[in-house]
Amino acid sequence: MDAMNANSLGDVDSDDRLYSELSRVNNELVNAQRDLVQRNVRLERAEEALRKAHGDLERQVLERTRELENTLSAFREEVRVHQKTEEKLRELSLSVLRIQDEERRRVARDLHDTVGQTLTALKITLSSLEDAVARYPQTAEFFSELNGLADQALREIRTTSYLLHPPLLDESGFAAAAAWYVDGFNKRSPIQVTLQLPEGIRLPGSVEIVLFRVLQESLTNITKHAGSTTVDVLLQLEQNVISLSVRDYGKGISAERLAAMKGSGSDVGVGIAGMRERLKELGGRLEIESDSTGTLLKASIPNHSGDCHRRSDGSV
C-alpha cells in the first residue's frame with residue numbers, strides 16, 4: 001500500500017514538472033511570437049520608410065535632372081549665341097579689312113594721279129620760271145632748293161602711295177611687289193632682309209594681297225619689338241600649301257606674350273589679329289614660334305589646284 005502511494009506521488013510530481021516545462025515552453029513561444037510580431041512591425045515600418053526615402057530620392061533625382069537639363073539647355077543657347085556673335089564679329093573684321101584694302105588702293109591711286117601730277121606740274125613751272133629769271137644769278141640757288149624740295153615731295157608721295165598699295169602687286173604679283181618692298185625697307189632701315197622667292201610665280205589676287213600684308217606687318221613688328229639686325233623671308237610653294245615664313249634673330253617673345261598671341265583674346269594685338277583673320281578667310285593659319293634666339297612667323301594657305309601658274313615667258 002505504501003508502495004502504491006509512493007508511485008502515485010511520483011506520478012504527480014512528474015506531471016507537475018511536465019506541466020511546468022510545457023508552461024515555460026509555451027511562455028517562451030508566446031514571447032517569441034510577440035517579438036516576431038514586433039520585429040514584423042518594425043520591418044514594415046522600415047520598408048515603408050525605405051519606400052518613402054526611395055520615392056523622395058527619385059523625386060529629387062527628377063528635379064535635379066530637370067534643373068541640369070535646363071542649365072545645359074541655357075548653356076547650349078549661350079554657346080550658340082556666343083558662336084554666332086563671334087562669327088558676326090569675324091565677318092565685320094573681314095569687312096573692315098576689305099574696306100581698308102580698297103581705301104588704301106583708292107588713296108594710293110589718288111596720291112599718284114592728283115598730288116603726284118600736281119607736283120610734276122610744279123616742277124615744270126619751276127623749270128620754266130628758272131629759265132625766265134636765269135639772268136639773275138642770286139636766284140639760281142633758290143630755284144635749285146625749290147627743285148630739290150619738289151623732287152623730295154614726289155619721292156615721298158610715290159613711296160607712300162606704293163606702301164599703301166603697290167601697283168606691282170596688281171601688275172606683276174606678290175614676288176615683284178615683295179622684292180620692291182624689301183629693297184626699300186633695306187634702304188630705309190638698319191635691318192637687312194634676305195628674300196627668297198620662286199621666280200615669276202603668280203597667285204590668286206586674294207592670296208597675294210594677304211601675303212603682302214603679312215610681310216608688311218611682320219617687318220613692322222620686327223622693327224618695333226625684335227631688336228634684330230637681320231631677317232630671312234622665304235616663300236615656299238608645295239603641292240597643297242603656300243607658306244610665307246619670316247624669321248628674325250632678335251630677343252624673342254616672352255612665353256606669356258606668345259601664349260596670348262596664339263590665343264584669340266583682346267590683347268593679341270590688331271596686327272596679329274588682322275593677319276589671322278585674313279588667313280582664316282582663305283582657309284589658312286598663322287603660326288608663331290619664339291625663343292631666346294629669335295622668332296619665326298609662318299603664314300600658310302591651302303594651295304588649291306590651279307592657284308599657281310606660270311608667266312608667259314615660261315618661268316614658274
Side-chain angles (χ1 to χ4, degrees), residues 15-98 210 214 240-241 243 252-292 295-304:
D15 291 340
D16 288 340
R17 286 195 300 271
L18 180 60
Y19 177 78
S20 297
E21 184 65 22
L22 290 174
S23 295
R24 184 184 64 78
V25 171
N26 183 64
N27 289 335
E28 288 180 357
L29 289 174
V30 170
N31 291 334
Q33 185 178 18
R34 184 168 57 249
D35 290 342
L36 183 59
V37 170
Q38 291 175 350
R39 288 180 182 178
N40 286 337
V41 170
R42 289 196 297 270
L43 182 59
E44 289 176 356
R45 291 175 179 173
E47 289 178 348
E48 180 64 25
L50 182 61
R51 283 194 295 270
K52 183 179 179 182
H54 185 267
D56 291 342
L57 181 60
E58 284 190 340
R59 184 169 59 256
Q60 291 176 6
V61 169
L62 289 174
E63 291 176 356
R64 185 57 179 163
T65 301
R66 282 194 294 268
E67 291 176 2
L68 290 174
E69 288 176 348
N70 292 335
T71 301
L72 181 59
S73 178
F75 176 74
R76 287 173 175 168
E77 179 63 19
E78 287 183 7
V79 170
R80 188 188 66 80
V81 171
H82 181 70
Q83 290 175 339
K84 188 174 181 180
T85 301
E86 278 193 341
E87 183 63 23
K88 290 292 184 182
L89 287 174
R90 195 175 75 85
E91 291 176 0
L92 179 60
S93 176
L94 290 173
S95 297
V96 170
L97 291 173
R98 292 191 196 101
V210 168
V214 169
N240 299 317
V241 178
S243 63
I253 304 171
S254 68
E256 181 180 0
R257 179 62 180 162
L258 185 62
M261 294 172 71
K262 290 181 177 180
S264 57
S266 59
D267 57 346
V268 170
V270 176
I272 295 295
M275 285 191 280
R276 184 169 287 136
E277 287 299 330
R278 288 177 184 273
L279 291 165
K280 189 175 181 180
E281 184 183 24
L282 299 178
R285 66 183 185 276
L286 182 69
E287 300 171 273
I288 303 175
E289 300 176 3
S290 186
D291 55 29
S292 59
T295 300
L296 171 65
L297 182 146
K298 185 175 182 180
S300 303
I301 301 174
N303 182 15
H304 302 295

Locate the shortest heavy-atom distance separating Gly252 from Ser290; write the atom from each residue and the value.
-> CA-OG, 3.3 Å
Decide, yes or no, whether a salt bridge links Arg17 with Glu21 under the criterion of side-chain N to carboxylate O below 4.0 Å.
-> no
So do Ile288 and Thr295 actually touch side chain to side chain, heavy atoms under 4.5 Å?
-> yes
Any residue meeting salt bridge (Lys or Arg N to Asp or Glu O under 4.0 Å) with Asp56, in chain and number order, not counting sequence neighbours | Arg59
What distance do Arg285 atom CZ and Leu279 atom CG have between them, rounded to the nearest 0.5 Å?
-> 10.0 Å
Hey, are Glu69 and Arg66 close enough for a salt bridge, meaning a charged N less than 4.0 Å from a carboxylate O?
-> no
List the steps and the verdict of side chain to side chain contact (heavy atoms under 4.5 Å, CB included) for Leu297 and Val214.
-> CA-CA 9 Å; Leu297 182 146; Val214 169; 3.9 Å; yes
Which pairs of donor and acceptor atoms, one on a side chain in residues 37-47, lie under 3.5 Å apart (sequence neighbours left out)?
from	atom 1	to	atom 2	distance (Å)
Asn40	ND2	Leu36	O	3.3

To the nearest 0.5 angstrom, please state how far the CZ atom of Arg24 sits from the CG atom of Leu29.
-> 10.0 Å
Could you grab the distance from atom CG of Asn70 to atom OG1 of Thr65, nearest 0.5 Å is fine?
-> 10.5 Å
Less than 4.5 Å apart, any side-chain heavy atom of Asn240 and any of Asn303?
-> no
Residues in salt bridge (Lys or Arg N to Asp or Glu O under 4.0 Å) with Arg76, at least two apart?
-> none
Decide, yes or no, whether a salt bridge links Glu67 with Arg64 under the criterion of side-chain N to carboxylate O below 4.0 Å.
-> yes
Please step through side-chain hydrogen bond (donor to acceptor under 3.5 Å, both in side chains) for the pair Asn31 and Arg34, ending with a clear verdict.
-> CA-CA 5 Å; Asn31 291 334; Arg34 184 168 57 249; 2.3 Å; yes
Rounded distance [0.5 Å steps], OG in Ser73 versus CD in Glu78 | 10.5 Å
Is Gln33 atom CD crowded by more than 12 heavy atoms from other residues, nucleotides or ligands, each under 6.0 Å away?
-> no
Considering only heavy atoms from C-beta outward, does the side chain of His54 approach that of Arg51 to under 4.5 Å?
-> no
Exercise: identify the closest heavy-atom pair between Leu282 and Val210 = CD1-CG2, 3.7 Å
